[in-house]
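Side chains are part of it too, since the values below use all heavy atoms of this structure and drop only hydrogens, waters and symmetry mates. Only a predicted model underlies this, so the values are computations on that prediction, with no experimental measurement involved.
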Amino acid sequence: MARPTDKLDEVVRFYRDGVGLPEIGSFSGHAGYDGVMLGLPDASIHLEFTRHVDGSPGAAPSRDNLLVLYIPDRAERMRIAQRLARMGYPEVEPENPYWKGKSVTIADPDGYRVVLFDGTFGARPAP
């Protein structure tokens, strides 16, 4: 997944330092673009965030634009949520009630929402 942002440094801190995704690459000054790639969960799948020298559309189009991360270790999910809250990104009410009670939803610096889901894809969440 790749998307533009006007808040590249804050977005990188959110996903690297808050969520815990490793930075696997970056570039600067490429045809007016700077960018950072973060591994998800390794280099074969990654998020890429770019910034253009003239600015770019950074805000999320709606509160239901989601990146869903399945985290099977409930204690780790809570550590991530607490770390993000300490960084100034508290849990927010999910737009879609499906996510309530089985995940934590947090808005990134651009307003895109990250769902920290309790479990693995296809598995039922723990009670």
Side-chain angles (χ1 to χ4, degrees):
M1 181 187 97
R3 72 168 169 86
T5 179
D6 288 327
K7 300 176 180 177
L8 185 60
D9 296 335
E10 295 108 304
V11 166
V12 169
R13 274 192 299 278
F14 178 91
Y15 288 97
R16 184 193 59 209
D17 303 341
V19 176
L21 302 177
E23 187 172 325
I24 60 173
S26 65
F27 58 90
S28 62
H30 177 70
Y33 285 93
D34 298 334
V36 176
M37 286 77 75
L38 300 163
L40 201 185
D42 59 40
S44 67
I45 302 170
H46 68 270
L47 302 175
E48 180 174 333
F49 299 100
T50 60
R51 169 182 57 206
H52 191 267
V53 67
D54 294 328
S56 45
S62 80
R63 293 183 303 205
D64 212 20
N65 282 254
L66 306 172
L67 171 64
V68 179
L69 302 175
Y70 292 85
I71 303 173
D73 182 336
R74 178 176 280 195
E76 178 62 18
R77 179 177 60 90
M78 294 313 298
R79 280 191 292 275
I80 293 168
Q82 290 166 353
R83 187 169 53 237
L84 287 165
R86 285 192 305 273
M87 292 172 65
Y89 303 101
E91 182 175 1
V92 296
E93 186 74 17
E95 180 76 7
N96 182 334
Y98 170 79
W99 301 109
K100 272 187 114 154
K102 56 184 101 179
S103 63
V104 174
T105 303
I106 300 171
D108 79 8
D110 287 324
Y112 283 85
R113 292 183 172 205
V114 177
V115 175
L116 306 174
F117 190 84
D118 188 14
T120 57
F121 181 75
R124 298 184 71 72

Problem - Flag, side chain of N96 to backbone of Y98, donor-acceptor distance under 3.5 Å - result: yes

Problem - Polar side-chain atom of D118 near backbone of P72 as donor-acceptor pair, under 3.5 Å - result: no

In Å, rounded to the nearest 0.5 Å, how long is the span from [atom1] of [X] to [atom2] of [Y]?
X: L116; Y: R77; atom1: CG; atom2: CZ; value: 7.5 Å
X: E95; Y: L66; atom1: CD; atom2: CG; value: 9.0 Å
X: I71; Y: F117; atom1: CD1; atom2: CZ; value: 11.0 Å
X: L40; Y: I24; atom1: CG; atom2: CD1; value: 9.0 Å
X: M1; Y: H46; atom1: CE; atom2: NE2; value: 10.5 Å
X: I80; Y: L21; atom1: CD1; atom2: CG; value: 8.0 Å

Handout entry: Single-linkage hydrophobic cluster, 4.5 Å side-chain cutoff, F49 and I45 together
Key = yes

Practice task
Flag yes if M87 and V104 sit in one hydrophobic cluster, no otherwise; membership is Ile, Leu, Val, Met, Phe, Trp, Tyr, and two members link when side-chain heavy atoms are under 4.5 Å apart.
Solution key: yes

Practice task
Identify, with sequence neighbours excluded, every residue that meets ring pair (Phe, Tyr, Trp, His ring centres under 6.0 Å) alongside Y33.
Solution key: H52

Exercise for the section: Determine whether R63 and V92 make a side-chain contact, defined as any pair of heavy atoms from C-beta on separated by less than 4.5 Å. Expected result: no

Problem - Close side-chain approach of L67 and L47, heavy atoms under 4.5 Å - result: yes

Practice task
Enumerate the residue pairs fulfilling side chain to side chain donor-acceptor pair (under 3.5 Å) with a member in residues 81-94, sequence neighbours excluded, ordered by first and then second residue.
Solution key: E93-K100

Give the table of side-chain donor-acceptor pairs shorter than 3.5 Å for residues 7-20, with sequence neighbours excluded, one pair per line with atom names and distance.
residue	atom	partner	partner atom	Å
K7	NZ	P109	O	3.1
Y15	OH	D108	OD2	2.7
R16	NH1	E23	OE1	3.0

Fill in the blank from the handout: When every non-hydrogen atom of S56 is compared with those of T5, the smallest separation belongs to OG-O, 3.2 Å

